[in-house]
Amino acid sequence: MSVRVRFAPSPTGNVHIGNIRAAIFNWLFARHAGGKFLLRVEDTDRERSTQAAIDTLLDCMGWLGLDYDEPEVYQSRQMARHLAVAEDLVNRGLAYKDNKGGGGECVIFRMPKEGRLEYTDLVKGTIKKKAEDTQDFVIVRSDGTPVFHLSNVVDDIDMGITHVIRGDDHVENTFKHIELFKALGAPVPNYAHLPMIVNNQGKPYSKRDGAAFVGEFKEQGYLPDALFNFLLLLGWAPGDDREVLTRAEMIELFTLERCKSSAARFDLKKLVWMNGEYIRRQPREVYAAEFTARIQAAGLPVAGRDLAGILDQMQIRTKFYSEIPGSCAYFFTEEYPFDEKGVAKRLKAEGVPELLEEVAQRYEALPSFDVQSTHDVLAAMGETRGSGLGAMVHPVRVAVSGLTEGPGLFEMLALIGREPVCARLRRVARRLRDGTLGSGT
RNA sequence: GCGCCCAUCGUCUAUCGGUUAGGACACAAGGUUUUCAUCCUUGGAAGCGGAGUUCGACUCUCCGUGGGCGCGCCA
């Protein structure tokens with residue numbers, strides 16, 4: 001029997017990372033097995049299930065490359081079918097009507113009253129429970145609407161689902177679901193319950209702990225492949241020492257038996273590292289396209305710049321695309337902002353204006369304005385003054401870039417060009433004297 | 001309260017009875033008297049506790065302890 005799995009989220013407008021991880025595991029399982037990955041939108045809560053929420057869900061899945069193999073199923077459209085199934089269960093004595101709690105007549109499914117219930121979870125192993133520890137449960141509310149358990153099982157039967165891969169929180173529900181499958185004469189699917197993603201306190205990771213929804217990671221500049229890879233490593237490992245994997249490798253290596261059964265803490269630092277890793281590994285053209293798009297979006301001119309040189313310097317330093325152009329605006333404009341701490345530390349010192357002007361003067365006199373000669377000038381000045389190269393480099397860096405970090409200074413100077421560099425040095429010297437630098441920009 | 005599940009460095013994990021318990025993130029030091037980053041090298045860092053099984057337990061069993069989940073006319 002060929003594998004058919006599904007991702008069955010309720011569209012609430014936000015897709016939680018724990019949820020999307022379940023989708024990722026389902027997708028990988030299907031792709032590994034050469035089976036089908038399906039999407040069922042559990043939109044029975046008509047209040048929250050708006051078209052906008054559904055669009056957000058589909059957008060998140062598309063962003064992560066979670067393509068599905070058949071048109072999505074909308075659970076709300078199956079209500080008549082669910083109710084018919086419930087009626088049939090009542091007719092066969094497997095469920096009964098009752099005015100439980102006085103809210104009106106609802107339909108209740110009978111659970112076994114004696115014996116042992118057990119199933120084999122592909123991740124957690126054998127899960128057992130005594131029948132007496134279970135209870136009959138409502139499958140149709142007194143207002144005539146079907147309950148989750150019923151809809152979920154009937155839809156899984158109709159969709160021919162062979163493996164149910166979902167969150168840990170459904171472990172106990174599975175006993176109910178299995179009895180429903182049996183009552184309906186349908187083969188019981190295989191189950192695999194994935195551990196939860198938790199916060200530092202070991203509680204389920206929620207929006208209070210930081211970005212918790214896929215859309216937030218997208219907005220913050222994470223690459224979908226980085227998030228995908230990171231989420232996969234929360235609860236699964238290939239068995240060797242590889243961590244950064246291509247989609248093809250993931251598909252090839254993924255098995256449920258390699259999934260862990262204990263909860264995983266969400267480690268943002270590792271995700272950040274992973275993101276930088278993916279950016280560094282991007283083909284140059286891809287990085288260049290993203291880079292220029294962001295520079296242009298900020299209204300900065302790209303023409304006339306040594307873009308290839310700038311890209312060489314910036315790609316290895318970019319952890320988030322959203323850092324662009326903040327981290328490198330000075331390559332493209334004379335209106336670059338100054339880091340206040342950097343100004344205070346490197347420029348607000350005795351003799352700095354004079355130093356900058358001397359550097360400008362010497363740079364203007366240079367036969368060739370390149371990495372080597374700009375370095376030699378500062379080295380010589382450092383030696384003459386007995387202060388070392390470092391004392392020269394830091395003020396010049398902050399003066400020409402406004403920042404305390406970035407590419408090697410001399411590579412940076414060469415990329416900016418002699419005229420702008422000297423103009424910046426002189427302008428900063430002047431503003432330091434006026435006191436117009438350091439209070440504001 | 002009852003039931004179910006889980007437990008290796010700070011974090012993510014490898015190990016499927018015999019290992020100097022490996023890797024990654026993070027951290028620290030060095031390569032690097034220009035920063036940040038990259039890259040390389042090095043370092044510290046773990047089997048929750050107690051019994052049992054076994055020639056031998058991180059690994060199997062039991063009891064604790066801690067944590068999570070479930071016990072809705074929510075999904």
Side-chain angles (χ1 to χ4, degrees), chain A residues 8-10 12 42-45 48 75 98-108 117 121 123-125 127-130 132-135 137-149 151-152 167-176 193 195-198 200-204 230 232-244 257-258 260-274 276-277 280 313-319 327 342 346 375 378-379 382 387-398 401 403-412:
Chain A
S10 44
T12 59
E42 303 214 331
D43 57 343
T44 50
D45 183 341
R48 294 192 297 172
Q75 189 163 63
D98 186 44
N99 189 354
K100 181 191 173 195
E105 196 167 68
C106 58
V107 180
I108 298 175
L117 305 180
D121 189 289
V123 170
K124 292 181 173 297
I127 313 278
K128 302 173 192 170
K129 195 158 190 143
K130 288 198 279 278
E132 63 196 70
D133 290 326
T134 67
Q135 291 179 336
F137 58 97
V138 174
I139 53 175
V140 178
R141 300 183 189 90
S142 53
D143 68 359
T145 58
V147 168
F148 162 75
H149 303 295
S151 304
N152 193 266
D168 228 347
D169 46 339
H170 285 297
V171 173
E172 309 270 341
N173 286 335
T174 302
F175 291 107
K176 297 177 181 173
H193 289 96
M196 314 205 75
I197 296 176
V198 300
N200 291 330
Q201 284 78 261
K203 307 280 185 193
F230 172 77
L232 174 60
L233 258 26
L234 250 34
W236 180 86
D240 54 31
D241 289 336
R242 279 180 288 179
E243 295 213 320
V244 179
E257 55 186 29
R258 292 212 60 84
K260 275 204 83 173
S261 55
S262 55
R265 276 182 170 70
F266 185 84
D267 180 9
L268 190 63
K269 284 186 174 167
K270 188 153 186 175
L271 207 208
V272 170
W273 165 79
M274 183 77 78
E277 196 66 20
R280 265 173 254 126
Q313 294 297 327
M314 296 310 299
Q315 184 162 3
I316 55 168
R317 283 170 235 270
T318 306
K319 279 203 156 52
S327 60
R346 302 300 188 187
H375 166 272
L378 295 199
S387 56
L389 183 57
M392 304 291 106
V393 162
H394 294 303
V396 172
R397 169 187 295 284
V398 176
S401 74
L403 304 174
T404 55
E405 52 183 59
L409 177 62
F410 306 107
E411 285 76 11
M412 182 196 288

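Quick note on labels: first sequence line is chain A, next is B, and so on, each numbered from 1.
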Item to check | Donor-acceptor pair (no angle test) under 3.5 Å: A/Arg397 side chain, B/rU34 base | outcome: yes
Next on the checklist: When you measure from the side-chain N and O atoms of A/Lys319 to the phosphate of B/rU38, is any distance below 4.0 Å, counting only OP1 and OP2?
Outcome noted: yes
Checklist entry - Taking the side chain of A/Asp267 as its heavy atoms from C-beta onward, which of B/rU11, B/rG3, B/rC73 lies nearest to it? => result B/rU11
Item to check | Side chain of A/Asp169 (C-beta onward), nearest among B/rC69, B/rU34, B/rG3 | outcome: B/rC69
Next on the checklist: By the 4.0 Å heavy-atom rule, please label A/Arg280 as base, sugar-phosphate, or nothing.
Outcome noted: sugar-phosphate
Checklist entry - Is the shortest heavy-atom distance from the side chain of A/Val198 to the side chain of A/Arg265 under 4.5 Å? => result yes
Checklist entry - When all nucleic acid strands are considered with a 4.0 Å heavy-atom cut-off, which category describes A/Met196: base, sugar-phosphate, or nothing? => result sugar-phosphate
Next on the checklist: Heavy-atom nearest nucleotide on RNA chain B for A/Gly390 versus A/Gly235: which residue maps closer to 5'?
Outcome noted: A/Gly235
Checklist entry - What about A/Gln201: does its side chain form a donor-acceptor pair under 3.5 Å with the base of B/rG67? => result no
Checklist entry - Base, sugar-phosphate, or nothing: which does A/Pro195 touch, judged by heavy atoms less than 4.0 Å apart? => result nothing
Checklist entry - Using the P atom in both, what is the distance from B/rU38 to B/rA29, to the nearest Å? => result 16 Å
Next on the checklist: Please classify the nucleic acid contact of A/Arg258 as base, sugar-phosphate, or nothing, using heavy-atom distances under 4.0 Å.
Outcome noted: sugar-phosphate
Checklist outcome for this item: Across all chains, not counting sequence neighbours, the side-chain hydrogen bond (donor to acceptor under 3.5 Å, both in side chains) partners of A/Thr134 are none
Checklist entry - Do the non-hydrogen side-chain atoms of A/Glu411 and A/His375 ever get within less than 4.5 Å of each other? => result no
Next on the checklist: Can you tell me whether the side chain of A/Arg265 and the base of B/rC12 have a donor-acceptor pair closer than 3.5 Å?
Outcome noted: no
Next on the checklist: Side chain of A/Ile316 only, heavy atoms from C-beta on: which candidate in B/rC69, B/rA37, B/rU34 is closest?
Outcome noted: B/rA37
Checklist entry - Rounded to the nearest Å, what distance is computed from the CG atom of residue A/Asn173 to the P atom of nucleotide B/rC5? => result 15 Å
Checklist entry - Of all the nucleotides listed (B/rG70, B/rG72, B/rA14), which has the minimum atom distance to the side chain of A/Gln135? => result B/rG72
Checklist entry - If you look at every strand shown and take non-hydrogen atoms under 4.0 Å, does A/Leu409 touch a base, only sugar-phosphate, or nothing? => result base
Next on the checklist: Please report the interatomic distance OG1(A/Thr174) to NZ(A/Lys129), rounded to the nearest 0.5 Å.
Outcome noted: 10.5 Å
Checklist entry - For the side chain of A/Ser142 and the base of B/rC73, is some donor closer than 3.5 Å to an acceptor across the two? => result yes
Checklist entry - With sugar-phosphate meaning primed atoms plus P, OP1 and OP2, does A/Lys128 contact a base, only sugar-phosphate, or nothing at under 4.0 Å between heavy atoms? => result sugar-phosphate
Checklist entry - With a non-hydrogen cut-off below 4.0 angstrom, is A/Glu42 in contact with a base, only sugar-phosphate, or nothing? => result sugar-phosphate
